[in-house]
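Residue numbering restarts at 1 for every chain, and letters A, B, ... go by the order of the sequence lines.
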Amino acid sequence: DTGVSQNPRHKITKRGQNVTFRCDPISEHNRLYWYRQTLGQGPEFLTYFQNEAQLEKSRLLSDRFSAERPKGSFSTLEIQRTEQGDSAMYLCASSSGQGIEQYFGPGTRLTVT
Amino acid sequence: QKEVEQDPGPLSVPEGAIVSLNCTYSNSAFQYFMWYRQYSRKGPELLMYTYSSGNKEDGRFTAQVDKSSKYISLFIRDSQPSDSATYLCAMRTSYDKVIFGPGTSLSVIP
């Protein structure tokens with residue numbers, strides 16, 4: 001087991017473009033979380049899945065953001081019509097059980113120019 | 001007022017010192033209290049968590065929770081240069097999402 005992986009690690013895009021990130025959780029973890037982290041701040045919750053069901057979404061997740069977890073395995077986070085304010089580190093975490101022990105991936109750093 | 005407050009530092013200590021990191025919170029419903037370590041440009045790594053009040057020890061790390069004061073602490077004994085990182089406290093209720101503090105940047109000087 002190699003832990004949570006995320007791709008790409010870095011993404012530079014122009015404002016208005018769409019981007020998609022992928023997260024592969026630890027195998028057999030039923031819960032998967034997406035967070036956003038900006039400089040000098042802790043991770044902020046965006047959304048989470050239990051298996052393939054998306055159970056909660058933060059108000060931070062505007063209608064330009066969409067996340068999927070088909071078949072309860074990997075997950076994708078898409079941002080449409082990117083804005084400069086979307087520049088951040090996007091972190092994925094997975095857990096089993098009730099989600100107390102969350103294991104984070106290395107993150108995808110997004111820069112919107 | 002933010003739900004979780006944490007002094008951002010930076011905190012600089014000599015190797016071998018005892019480090020004390022602290023967070024305060026406002027939501028009395030928080031039941032689980034976690035400490036994460038995050039190295040530069042890496043994802044957070046869970047160090048330990050406690051449920052409700054009390055102490056928990058794991059090697060050089062000790063976590064304390066005082067729910068009456070809404071105050072949690074992480075102590076690092078015999079600090080090492082490899083402990084240099086940002087330390088994030090995090091907490092949640094029994095069923096809700098995890099709320100992170102902003103993190104404290106720690107440097108341990110050899």
Item checked: Residue part contacting chain B, namely of A:Glu56, when any heavy atom lies under 4.5 Å -> side chain
Item checked: A:Arg64 side chain to A:Gln80 backbone, donor-acceptor under 3.5 Å -> yes
Next item on the list: Answer with side chain, backbone, both or neither: which region of B:Pro8 has an atom nearer than 4.5 Å to a non-hydrogen atom of chain A?
Entry: neither
Notebook entry, point to check: Do we see a donor-acceptor contact under 3.5 Å between the side chains of A:Ser96 and A:Glu28?
Noted result: no
Note to self: A quick test of your reading: do over 12 heavy atoms of other residues, nucleotides or ligands sit less than 6.0 Å from CG of A:Leu39?
What the structure shows: no
Margin query: Looking at chain A, which one of B:Met34, B:Arg92, B:Lys42 has the largest number of heavy-atom pairs inside 4.5 Å, strictly under?
Written below: B:Arg92
Note to self: Quick check on B:Lys56: does its NZ atom have over 12 non-hydrogen neighbours (other residues, nucleotides or ligands) under 6.0 Å away?
What the structure shows: yes
Checklist line | Partner chain B: residue of A:Pro43, A:Gly105, A:Pro106, A:Gly42 with the largest heavy-atom pair count (under 4.5 Å) | finding: A:Pro43
Next item on the list: Inspect the surroundings of CZ in A:Arg15 and state if more than 12 heavy atoms from other residues, nucleotides or ligands are less than 6.0 Å away.
Entry: no
Margin query: Please classify the contact of B:Gln38 with chain A as side chain, backbone, both or neither, using a heavy-atom distance under 4.5 Å.
Written below: side chain
Checklist line | Interface residue of largest heavy-atom contact number with chain B, from A:Tyr103, A:Tyr33, A:Tyr35, under 4.5 Å | finding: A:Tyr35
Margin query: For the interface with chain B, which of A:Glu44, A:Gln37, A:Met89 has the highest count of heavy-atom pairs at distances below 4.5 Å?
Written below: A:Gln37
Next item on the list: Counting only heavy atoms closer than 4.5 Å, note whether B:Tyr51 contacts chain A via side chain, backbone, both or neither.
Entry: neither
Checklist line | Heavy-atom contact with chain B under 4.5 Å, split by part of A:Leu91 | finding: side chain
Next item on the list: Determine the option with the most heavy-atom pairs under 4.5 angstrom with chain A, choosing from B:Gly43, B:Pro102, B:Gly101, B:Ala90.
Entry: B:Pro102
Check: So, do B:Glu15 and B:Gln80 sit near enough that their side-chain heavy atoms are less than 4.5 Å apart?
Finding: yes
Item checked: Lys/Arg-Asp/Glu bridge criterion (N-O < 4.0 Å) met for B:Glu57, B:Arg77 -> yes
